[in-house]
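Side-chain atoms are counted along with the backbone in the values below, which use heavy atoms only and exclude waters and symmetry mates. Throughout, numbering of the chain's residues begins at 1 and tracks the sequence.
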Amino acid sequence: MKYYDRLIFELSSEGKQGYSLPRNRYPEAEPLPAGLLRAEKPALPEVSEIDVVRHYTNLSQMNFGVDTGFYPLGSCTMKYNPKINEEIAAMPGFAALHPLQPEETVRGAKAVYEGLEKALSAVTGMKAFTFEPCAGAHGELTGLMIIRNYHIRRGDLARTKVIVPDSAHGTNPASAAVCGLEIVEVKSLSDGRIDVEALKPLLGPDIAGIMMTNPNTLGLFETEIREIASLVHGCGGLLYYDGANMNPLIGKVRPGDMGFDVMHLNLHKSFSTPHGGGGPGSGPVGVCETLRESLKTFGKVSGFQGNFAVMLRAYAYLLSLGKEYVKWVGPLSVLGANYIKESLKDVYELPIEGVCKHEFVFDGLKDKSTGVTTLNVAKRLLDYGFHAPTIYFPLLFHESIMIEPTETESKETLDEFISVMRKIALEAIENPESLMTAPHNTPVRKLDETTAARRPVLKYSDLIAVKN
């Protein structure tokens, strides 16, 4: 067994220590109540300092990250995160701030909020922002609360329904339900866009608004957005913009100009914070002029002003691009996605033809006779050093493969990815077993996912029991 294959408990030997504490220089404190004390010592490993360092360093090298390889995860924008922005966020003058400091001592932080609000307003066409929401779904909930508050303040209490497209992100109907709104689904056409004729009969005095992302989760721009906005506004409803797919629009098209009234942005997706692993996130919410007052009166959704370090990175990112270069973010992400799509559509099933935006969706391999699934393709990609794209989402297709290259990847990287995807398509015909048993070259091989989900081994003691 290799050193890095062992768990830290397997490196443990009685009597080893990885630390030394200074002698206690303070008077003895009163003992803790007996009810708060353990009956026996915690079952922790006993390892030396070098064992700990090597163990966690080796674990970090077993992970796949955006700094180690191509990460074409659709609908998530796993983009490059400039390290200078990390250094800025870690500067003592920022990192050592406390949210309860006197206001006069945090003028620099206030200037960051004000500057970022102006920058995001310019990029989105919104008029004001709140930075309290700590993630995208938190932003969705906040935006819907603002919409409800707007209708309630006007005495329009009948508006209890929100329209959600069948192609929407899963958080959209979930956020609406948490907000106490009834979800009304609107179907898509065969080209993946909202069916405007199907939308019309859904509109009425009970509609609070519609939730959309544009481009949608298929990476397609909703070309009828102006008519949709006019119809929803015509019945008294408002338009909510899910900012998860903002990447291809940055510097080119603004949600405010499309007719959206309220939106959230995922700063941890499109604006330079490392994204993944559960955080940190930031989902600031912007509103149009009509909702500015509601933004101030609907209440608080977090204790302070959100995740400040995420906002620092976003502000540094936008300042470094400036007006001249921010306009390249969208077109380059669109170019990369279309280049991959056109290069692979002869071997992977493209359910909807036409120009996509920052991402697109295949419906598995074109040759369905091999029995090779989207999951098999994803696992095999790991053997070639690429992270898998998003799979089995959106739910509109049975074998979805959602690919998003982002604007920061070179043509050489895209060509290598295309070459590997074509090689996998050929393997599916000539040697399908190699895909069905993949991955072969990773630290952990193919798992029994059903058993792992239903009977997970979460503790070392449980592992010993399983082995015995």
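The two residues Asp383 and Ala438 have their closest heavy-atom pair at OD2-CB, 3.8 Å.
Taking Asn338 as the reference, nothing meets the side chain to side chain donor-acceptor pair (under 3.5 Å) condition, with sequence neighbours excluded. In this view, His151 satisfies the ring-ring contact (aromatic ring centres under 6.0 Å, His included) rule with no residue, not counting sequence neighbours. For Phe360, the ring-ring contact (aromatic ring centres under 6.0 Å, His included) partners are Phe362, not counting sequence neighbours. Remark: Glu416 pairs with no residue by the side chain to side chain donor-acceptor pair (under 3.5 Å) rule, at least two apart or across chains. Annotation: salt bridge (Lys or Arg N to Asp or Glu O under 4.0 Å) contacts of Lys110 (sequence neighbours excluded): Glu103. With sequence neighbours excluded, no residue forms a ring-ring contact (aromatic ring centres under 6.0 Å, His included) with Phe304. Residues satisfying the side chain to side chain donor-acceptor pair (under 3.5 Å) test with Thr105, not counting sequence neighbours, are Gln101. Residues passing the salt bridge (Lys or Arg N to Asp or Glu O under 4.0 Å) test with Asp367, sequence neighbours excluded: none. Evaluation of the side chain to side chain donor-acceptor pair (under 3.5 Å) rule for Thr390 yields no partner, not counting sequence neighbours.
Between Tyr71 and Phe64, a ring centre-to-centre spacing shorter than 6.0 Å is recorded.
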What do the steps show when you test Asn245 against Asn216 for side chain to side chain contact (heavy atoms under 4.5 Å, CB included), and what is the final call? CA-CA 7 Å; Asn245 289 355; Asn216 61 29; 5.6 Å; no

Let's go through Ser282 and Asn307 carefully: what are the C-alpha distance in whole Å and the side-chain angles of both, what is the deciding distance for side-chain hydrogen bond (donor to acceptor under 3.5 Å, both in side chains) to 0.1 Å, and is it a yes or a no? CA-CA 6 Å; Ser282 179; Asn307 288 326; 5.9 Å; no

Evaluate Met212 against Ile228 for side chain to side chain contact (heavy atoms under 4.5 Å, CB included), listing each step before the verdict. CA-CA 10 Å; Met212 293 175 60; Ile228 292 170; 3.9 Å; yes

Please lay out, stage by stage, how Tyr317 and Val329 fare under the test side chain to side chain contact (heavy atoms under 4.5 Å, CB included). CA-CA 12 Å; Tyr317 175 73; Val329 172; 3.8 Å; yes

Residue pair Leu318, Leu116: steps toward the side chain to side chain contact (heavy atoms under 4.5 Å, CB included) verdict: CA-CA 8 Å; Leu318 286 168; Leu116 181 58; 4.1 Å; yes

Step by step, would you call Lys368 with Glu399 a salt bridge (charged side-chain N to carboxylate O under 4.0 Å, His left out)? CA-CA 10 Å; Lys368 307 294 186 187; Glu399 292 288 328; over 6 Å; no

With side-chain hydrogen bond (donor to acceptor under 3.5 Å, both in side chains) as the test, would you mind laying out the steps for Tyr240 and His264 before giving the verdict? CA-CA 8 Å; Tyr240 180 89; His264 84 266; 2.7 Å; yes

Between Ser75 and His169, does the side-chain hydrogen bond (donor to acceptor under 3.5 Å, both in side chains) criterion hold? Intermediate values first, please. CA-CA 9 Å; Ser75 201; His169 289 124; 2.7 Å; yes

Verdict with reasoning, Ser410 to Thr413, per side-chain hydrogen bond (donor to acceptor under 3.5 Å, both in side chains): CA-CA 5 Å; Ser410 68; Thr413 297; 3.2 Å; yes

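Looking at Asp363, its side chain never comes within 3.5 Å of a backbone N or O of Glu349 through a donor-acceptor pair. Using a distance-only test at 3.5 Å, with no hydrogens or angles considered, a donor-acceptor pair links the side chain of Thr217 to the main chain of Ser167. Listed for the Glu222 side chain is a donor-acceptor partner under 3.5 Å among the backbone atoms of Ile194. Under the 3.5 Å distance criterion, the side-chain polar atoms of Ser121 are matched with a main-chain donor or acceptor of Glu117.
Proximity of Cys356 to Val334: side-chain heavy atoms (C-beta onward) are nowhere separated by under 4.5 Å. The shortest side-chain heavy-atom distance between Tyr241 and Leu249 falls under the 4.5 Å cut-off. Proximity of Asn149 to Ile147: side-chain heavy atoms (C-beta onward) are nowhere separated by under 4.5 Å. Side chains of Glu427 and Ser434 form a contact here, defined as non-hydrogen atoms less than 4.5 Å apart.
When the options Leu141, Val262, Leu144, Leu291 are evaluated for a side chain to side chain contact (heavy atoms under 4.5 Å, CB included) with Val285, the one that passes is Val262. Of the listed residues (His233, Met211, Met263), just one forms a side chain to side chain contact (heavy atoms under 4.5 Å, CB included) with Leu239, and that residue is His233. Applying the side chain to side chain contact (heavy atoms under 4.5 Å, CB included) test between Ile424 and each of Val377, Val347, Val372 identifies Val377 as the sole match.
Under the 3.5 Å distance criterion, with hydrogens and angles disregarded, no donor-acceptor pair is assigned to the side chains of Ser188 and Asp195.
Evaluation of the ring-ring contact (aromatic ring centres under 6.0 Å, His included) test over residues 110-142, restricted to residues two or more places apart or in two chains, returns Tyr113-Phe131, Tyr113-Phe308. Residue pairs meeting the side chain to side chain donor-acceptor pair (under 3.5 Å) criterion with at least one partner in residues 175-185, sequence neighbours excluded, are Glu140-Ser175, Glu185-Lys187. Sorted pairs that involve residues 321-335 and meet side chain to side chain donor-acceptor pair (under 3.5 Å), not counting sequence neighbours, are lacking altogether.
Here the straight-line distance linking atom CZ of Arg454 with atom OG1 of Thr451 works out to 8.5 Å at 0.5 Å rounding. Atom CG of Asn247 is separated from atom CD1 of Ile250 by 4.5 Å, given to the nearest 0.5 angstrom. Rounded to the nearest 0.5 Å, atoms CG (Leu73) and OG1 (Thr77) are 9.0 Å apart. Note that the OG1 atom of Thr297 and the CD1 atom of Ile146 stand 9.0 Å from one another [nearest 0.5 Å].
Within a 6.0 Å sphere centred on CZ of Arg153, heavy atoms belonging to other residues, nucleotides or ligands number more than 12. A 6.0 Å sphere centred on NZ of Lys446 holds more than 12 heavy atoms belonging to other residues, nucleotides or ligands. Environment of NZ in Lys200: crowded, with over 12 heavy atoms of neighbouring residues, nucleotides or ligands closer than 6.0 Å.
Between Lys127 and Asp261, no side-chain nitrogen of the basic residue sits less than 4.0 Å from a carboxylate oxygen of the acidic one, so the salt-bridge criterion is not met. The existence of a salt bridge linking Arg292 and Glu289 is confirmed by a sub-4.0 Å separation between a basic side-chain nitrogen and an acidic carboxylate oxygen. Ion pairing between a basic and an acidic side chain is recognised when a charged N comes within 4.0 Å of a carboxylate O; Arg193 and Glu224 show no such pairing.
Geometrically, Lys357 engages Phe221 in a cation-pi contact, judged by NZ or CZ lying under 6.0 Å from the ring centre and within 45° of the ring axis.
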